[in-house]
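Following: one structure in structure tokens, then a few remarks.
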Amino acid sequence: MPAEHFVGTDVLRNRFSFYGESIELGDGIDWDRNPGSPHWGHDLNRFGFLVLDDQNPSQARAMEGLILDWIRKNDQPRYRYTPYAWQNLLNIAIRIENWFRFLAARSQSGTSELDAENWIQIKSSVFRQLIVLLRLIRKRGFESNWALIGLRSALYLLFSIDSFPHREKLIQIAWHDLRKAIELQILPDGVQQELSPHYHWVALEIIWSISVMAKQSGRPEQDDLSATIASMADFLNALILPDGGIVSLGDSDFDYGPRIRNFLSQIDSENDTQPNTTSVKTYPYAGIAIVRDLKAGHVLAFDAGPLGTAHQHEDALSFWLTAFGEPCLIDPGRYLYDYSAGSMYSFLCSSAAHSTILVDDQGQNAKRHPDRWRRRAGGMPVVDRESDLIRLVGRYSDGYGKKTADVEHQRTILCDMKNAAWTIVDRIEGTGLHSIEARFQCAPCAWYRGDGFISLLRGHTKFRIEYSSDWNDVTVLEGSRSPMGGWFSPGVNKLVPAPCLSLRGSFALPFETRTVIRASRDLA
């Protein structure tokens, strides 16, 4: 985490701040007491605040003291009963890696004031934590990014410390588990199975960094990872936007685009050598199709895939549209991992926050079908060409809410990249009379609603969304709490109002409607 996430932390006073939530713990820190929001205790035990200015002698000494304080209070057999200090493998992995980076820098600069006994205590503790970490990874399983984060941390320490006890055996164990995690997590099309670009990047950065470390250590295993790295980088490259952002599906942050682009440049990606003509990339296991015209600055990303195994949003058949380099239809982002009732995170994960439909005021309910979160074979979207048009077709059939299970949604998007026009055809199949709401979540912009259309202006790009006259209730929600709608989170702990076009009506199914989006340059 960058230092800005810890603004307000004062280690000399035992005051810690995570994402703006500051708490002073006093002289006697209880590392397993959480006085803040649900995530606060985890952040405390991850020691991310060690990224703060360690050039200040008194502050650096205080940081060293906090590490020793943690060891004195937690290096005991009771770890089975301490959820923040020991039971969370992610906390262990991040903590021991942060410790090592900080202490290695202190040691190399010759400024550390730790004595020989302190170093023995720290080394013994790190060894004990690493063994527990490897056990927890196997206990929890290899199908989440936690396994990759934990294995990177373990291998980082094992590659870095020649004198680590049982080093070679532990490297072999960790590398075996790494292969297993990659086999389970990375789909045949190269997309990490959580289907979030942000966590796909996390997984790729971990795998790439392990490859670099293995190469630096002169180990042959690094050759195992090259094909995986190339296929994963291809997916991320396709999601980079002309304005520097990234298509932020699921739990992703739009404003991480520059960091991800910079990372891709380190692994010799082809980000800057993609063709300037219209291209279509499909990832059939992820269910994502991306149509790009880099010369014009157009990108359409269509999500017709399964829910994904973690960091999911109920956003099937939603899409991202950028034209002339400016975003028009967007994904809402994640804000903060706050799971309390009525949280913004819960809303941002819902269908109502995305450019898709709701049935009888209910959002999608794919989360009740865990057996279908991961696609076992390639599927939608179907892609074909019709003259100058590119046609994308996707289908959602996992039901809405707990009762409306028999309604299915098919969406077709006709992309006319040459004329900067996109036609969205929504067909809702089923029986009986149902309330249907189609939402189109726009980027923050100036807007005007006319008769049968809404006009948007971002920078020098004008957008016009034209909708059918079948809808009998048309509203624009912007920063609304009741009903909830019209919000965009461009990054962690950031939330801004953004217009959301809501089209509602009652229809006997099957029902079909068309929406047309046009873009033009306003150079006046």
Side-chain angles (χ1 to χ4, degrees), residues 143-144 182-197 199-200 203 228 231-232 234-239 247-252 279-292 299-321 331 349 351 354-357 359 363-386 389-400 404-415 422-430 510 512:
E143 292 207 11
S144 82
I182 291 173
E183 177 187 346
L184 291 172
Q185 289 192 39
I186 309 306
L187 303 173
D189 53 17
V191 182
Q192 201 264 355
Q193 65 175 5
E194 297 183 31
L195 306 185
S196 154
Y199 286 94
H200 178 98
T228 298
S231 63
M232 293 182 73
D234 175 79
F235 176 65
L236 268 189
N237 271 319
L239 294 172
V247 175
S248 51
L249 306 175
D251 283 346
S252 296
S279 64
V280 183
K281 290 218 169 198
T282 57
Y283 301 88
Y285 286 82
I288 295 171
I290 302 152
V291 185
R292 300 169 65 95
V299 180
L300 182 133
F302 182 38
D303 181 1
L307 186 63
T309 59
H311 297 285
Q312 312 104 321
H313 291 188
E314 294 278 16
D315 59 355
L317 306 188
S318 65
F319 62 99
W320 182 291
L321 175 62
D331 207 78
C349 290
S351 302
H354 296 81
S355 298
T356 188
I357 71 162
V359 178
Q364 296 167 3
N365 198 13
K367 287 193 174 182
R368 69 175 176 175
H369 302 290
D371 57 311
R372 298 204 285 270
W373 290 358
R374 174 184 170 121
R375 187 169 280 172
R376 303 296 175 180
M380 288 188 174
V382 175
V383 180
D384 60 41
R385 291 180 180 266
E386 178 182 310
L389 300 181
I390 298 169
R391 181 194 305 269
L392 312 175
V393 182
R395 191 176 188 85
Y396 170 79
S397 58
D398 280 339
Y400 294 84
T404 313
D406 59 341
V407 175
E408 297 184 353
H409 177 201
Q410 177 174 295
R411 171 165 281 178
T412 301
I413 301 180
L414 299 173
C415 304
W422 295 265
T423 301
I424 296 88
V425 182
D426 288 308
R427 181 173 177 81
I428 298 92
E429 297 181 350
E512 184 171 298

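Not measured: the values here are computed from a predicted model.
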**Message:** Under the rule for salt bridge (charged side-chain N to carboxylate O under 4.0 Å, His left out), what residues qualify as partners of E183, not counting sequence neighbours?
**Reply:** none

**Item:** Partner set under salt bridge (charged side-chain N to carboxylate O under 4.0 Å, His left out) for D371, not counting sequence neighbours
**Value:** none

**Asked** Between I290 and V299, is any pair of side-chain heavy atoms under 4.5 Å apart?
**Response** yes

**Prompt:** Distance from L389 atom CG to I413 atom CD1, nearest 0.5 Å?
**Reply:** 13.0 Å

**Request:** Under the side-chain hydrogen bond (donor to acceptor under 3.5 Å, both in side chains) rule, collect the residues that match up with Q192, sequence neighbours excluded.
**Result:** Q185, E194

**Request:** Please name the pair of heavy atoms, one in C415 and one in V291, separated by the smallest distance, quoted to 0.1 Å.
**Result:** SG-CG2, 4.3 Å

**Message:** Within this structure, what is the CG-CD1 distance for the pair L300 and I424, rounded to the nearest 0.5 Å?
**Reply:** 7.5 Å

**Asked** What's the spacing between Y400 OH and S351 OG if we round to 0.5 Å?
**Response** 7.0 Å

**Request:** Any chance you could measure R292, atom CZ, to S279, atom OG, to the nearest 0.5 Å?
**Result:** 6.5 Å

**Item:** salt bridge (charged side-chain N to carboxylate O under 4.0 Å, His left out) against E408, all qualifying residues, sequence neighbours excluded
**Value:** R395

**Request:** Supply the atom-to-atom distance R374 CZ to Q193 CD, rounded to the nearest 0.5 angstrom.
**Result:** 4.5 Å

**Prompt:** Are any of the side-chain heavy atoms of P381 and V393 separated by less than 4.5 Å?
**Reply:** no

**Request:** Determine, step by step, whether Q312 and K367 satisfy the side chain to side chain contact (heavy atoms under 4.5 Å, CB included) criterion, reporting the C-alpha distance in whole Å, the side-chain angles of both residues, the deciding distance to 0.1 Å, and the verdict.
**Result:** CA-CA 9 Å; Q312 312 104 321; K367 287 193 174 182; 4.1 Å; yes

**Prompt:** Any side-chain heavy atom of R385 sitting closer than 4.5 Å to one from V280?
**Reply:** yes

**Request:** Can you measure from CZ (R427) to CD1 (I357) and round to the nearest 0.5 angstrom?
**Result:** 12.0 Å

**Complete:** The side-chain hydrogen bond (donor to acceptor under 3.5 Å, both in side chains) partners of S144 (sequence neighbours excluded) come to none

**Request:** Begin with the C-alpha distance, continue with both residues' side-chain angles, and end with the deciding distance and a verdict on side chain to side chain contact (heavy atoms under 4.5 Å, CB included) for R411 and L392.
**Result:** CA-CA 8 Å; R411 171 165 281 178; L392 312 175; over 6 Å; no

**Message:** If we count only N and O atoms by modelled type, under 3.5 Å, do the side chains of D234 and Y283 hold a donor and an acceptor together?
**Reply:** yes

**Non-hydrogen side-chain atoms of L195 and L187 separated by less than 4.5 Å** = yes

**Prompt:** Quick one: side-chain hydrogen bond (donor to acceptor under 3.5 Å, both in side chains) partners of W422, sequence neighbours excluded?
**Reply:** none

**Request:** Give the intermediate values and the outcome of side chain to side chain contact (heavy atoms under 4.5 Å, CB included) for residues I390 and V383.
**Result:** CA-CA 7 Å; I390 298 169; V383 180; 4.2 Å; yes

**Request:** Can you see which heavy atom on Y396 is nearest to which on A366, and at what distance?
**Result:** OH-N, 3.5 Å

**Prompt:** With Y285, which residues qualify under ring-ring contact (aromatic ring centres under 6.0 Å, His included), at least two apart?
**Reply:** none

**Item:** Partners passing ring-ring contact (aromatic ring centres under 6.0 Å, His included) against H409 (at least two apart in sequence or in another chain)
**Value:** none

**Request:** Sequence neighbours left out, what passes side-chain contact (heavy atoms from CB on, under 4.5 Å) with R368? Give chain and number order.
**Result:** N365, A405

**Prompt:** Taking all non-hydrogen atoms of both residues, which atom of C349 and which atom of D251 are closest, and how far apart?
**Reply:** SG-OD1, 4.3 Å

**Request:** Under the ring-ring contact (aromatic ring centres under 6.0 Å, His included) rule, collect the residues that match up with F302, sequence neighbours excluded.
**Result:** none

**Asked** Short question: side chain of E429, backbone of V407 - any donor-acceptor pair under 3.5 Å?
**Response** no

**side-chain hydrogen bond (donor to acceptor under 3.5 Å, both in side chains) against S196, all qualifying residues, sequence neighbours excluded** = S252

**Message:** For D398, give me all partners under salt bridge (charged side-chain N to carboxylate O under 4.0 Å, His left out), at least two apart in sequence or on another chain.
**Reply:** R372

**Asked** Any side-chain heavy-atom pair from L249 and I288 closer than 4.5 angstrom?
**Response** yes

**Request:** Evaluate the side-chain proximity of D331 to S318: yes if any heavy-atom separation is below 4.5 Å, no if none is.
**Result:** yes

